[in-house]
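This report refers to the structure that appears directly beneath it.
Note: hydrogens, waters and symmetry copies are ignored here, and every other heavy atom, side chains too, is used.
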Amino acid sequence: SDVCSSDLPFRVPSATAAAVCPSPSLPLRCGDAMAPAAKDVVVVGHGPIGHAFIEKLVEQKASFRVSVLCEEPRPAYNRVMLTQYFQERDGDKHDQMKLSYCTETSLKDTGVNLIYGRAVAVDRATKLVSYTEPSGSSNSVGYDLLVFATGSYCFVPPTPGMVISEKKNPHWPDDPTSRPQGVFVYRTIEDLDGMIAASKGGARKAAVIGGGLLGLEAAKAEIGRAHV
């Protein structure tokens with residue numbers, strides 16, 4: 001079934017894995033006319049799904065003020081083509097990589113407020129999303145409509161030697177600081193930078209757990225750097 005709110009000018013398929021969460025003061029109604037007053041939309045997550053949602057919203061030219069919380073230190077990019085990063089290594093180009101979906105400037109030009117930070121709490125009573133900035137400082141942003149587009153994370157089996165005995169961030173399933181040295185996942189540019197650094201540091205053998213599309217891509221990327 002679809003998620004539908006009168007405050008969104010289009011229907012959002014549940015298969016997109018983006019959950020539209022209206023605040024308690026905004027009842028869920030399908031088919032009502034849009035209110036003329038501008039509403040604040042906060043999107044938590046600026047991956048491919050989050051960016052696709054924002055593009056769709058901007059296309060409607062509706063009266064929304066859009067803010068997006070991005071945990072990574074760059075705007076959305078194409079994760080499916082991550083293997084290309086091993087060849088280009090253009091992460092230092094920030095938002096102008098070949099993998100980039102957009103730039104900070106293009107988001108600003110369309111009126112989208114890009115916020116770098118990790119969402120840590122939602123207060124539905126006050127309609128505030130609290131987040132931690134890259135500097136470690138705490139801040140918050142208000143919303144009328146809240147959209148979760150946080151995507152998936154890489155599951156690391158709780159096997160001795162693959163995780164540390166006590167997670168440093170127990171509420172963060174994909175916490176990089178809770179993995180031992182030499183254990184990586186294949187999801188972000190920082191993950192790939194870690195693999196490259198390990199190979200430069202002398203790593204000559206690699207084991208890939210998972211034989212799906214990304215697992216094969218990771219194995220392909222490591223061929224020539226290490227015995228896989």
Side-chain angles (χ1 to χ4, degrees), residues 14-19 44-52 69-102 116-120 131-134 136 148-228:
S14 57
T16 61
V44 179
H46 195 217
I49 290 296
H51 185 66
L69 272 168
C70 182
E71 179 182 14
E72 293 187 55
R74 63 187 61 79
Y77 57 90
N78 189 344
R79 299 190 195 281
V80 177
M81 300 299 292
L82 270 177
T83 305
Q84 179 179 315
Y85 179 74
F86 281 105
Q87 301 168 351
E88 304 293 339
R89 299 189 193 180
D90 56 354
D92 59 338
K93 295 179 182 177
H94 189 59
D95 58 354
Q96 298 189 28
M97 304 180 296
K98 289 185 178 180
L99 300 176
S100 298
Y101 284 126
C102 59
Y116 289 117
R118 177 179 177 80
V120 294
Y131 63 92
T132 303
E133 298 177 340
F148 284 100
T150 51
S152 60
Y153 66 91
C154 297
F155 172 71
V156 178
T159 305
M162 294 181 62
V163 293
I164 60 177
S165 57
E166 183 175 346
K167 289 177 65 68
K168 295 184 179 180
N169 296 296
H171 302 296
W172 187 352
D174 190 26
D175 174 24
T177 64
S178 294
R179 294 194 294 266
Q181 184 177 359
V183 176
F184 305 95
V185 298
Y186 191 84
R187 185 172 182 271
T188 70
I189 285 175
E190 280 66 39
D191 294 330
L192 271 61
D193 280 339
M195 296 180 196
I196 293 172
S199 65
K200 288 182 176 180
R204 292 295 175 264
K205 294 181 180 180
V208 179
I209 299 178
L213 175 61
L214 290 183
L216 294 176
E217 287 287 319
K220 175 184 175 183
E222 284 299 321
I223 292 176
R225 302 175 185 275
H227 175 72
V228 181

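Using modelled atom types, one side-chain atom of Arg204 and one backbone atom of Ser199 make a donor-acceptor pair closer than 3.5 Å.
Here the closest non-hydrogen pair linking Gly47 and Ala76 is O-CB, 3.8 Å. For Tyr131 against Gly117, the heavy-atom pair with the smallest separation is CD1-CA, 4.2 Å. In plain terms, the two heavy atoms of Val185 and Met195 that are nearest each other are O-CE, 3.3 Å. Nearest approach of Leu69 to Ala119, heavy atoms of both residues: CD1-CB, 4.0 Å. The heavy-atom pair separating His94 from Tyr116 by the smallest distance is NE2-OH, 3.4 Å. The shortest heavy-atom contact between Ile49 and Ala149 is CG2-CB, 4.3 Å.
Judged purely by distance below 3.5 Å, without hydrogens or angles, the side chains of Tyr77 and Thr188 never pair a donor atom with an acceptor atom.
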Passes side chain to side chain contact (heavy atoms under 4.5 Å, CB included), Lys98 versus Met81? Steps please.
-> CA-CA 10 Å; Lys98 289 185 178 180; Met81 300 299 292; over 6 Å; no
Determine, stepwise, if the pair Tyr85 / Ile196 fulfils side chain to side chain contact (heavy atoms under 4.5 Å, CB included).
-> CA-CA 11 Å; Tyr85 179 74; Ile196 293 172; 4.2 Å; yes
Would Leu192 and Tyr186 count as a side chain to side chain contact (heavy atoms under 4.5 Å, CB included) if you check the C-alpha gap in whole Å, the side-chain angles of each, and the deciding distance to 0.1 Å?
-> CA-CA 7 Å; Leu192 271 61; Tyr186 191 84; 3.9 Å; yes
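Asp191 CG to Leu82 CG: the interatomic distance, rounded to the nearest 0.5 Å, is 8.5 Å.
Contact annotation: the side chain of Arg74 never approaches that of Ser100 to less than 4.5 Å [non-hydrogen atoms, C-beta and beyond].
Between Arg187 and Glu71 there is no salt bridge, since none of the side-chain N atoms of the basic residue sits less than 4.0 Å from a carboxylate O of the acidic one.
Note on ring orientation: taking the six-membered ring where Trp is involved, the planes of His51 and His46 are perpendicular (angle over 60°, cut-offs 30° and 60°).
Residues that satisfy the side-chain contact (heavy atoms from CB on, under 4.5 Å) test with Val80, not counting sequence neighbours, are Asn78.
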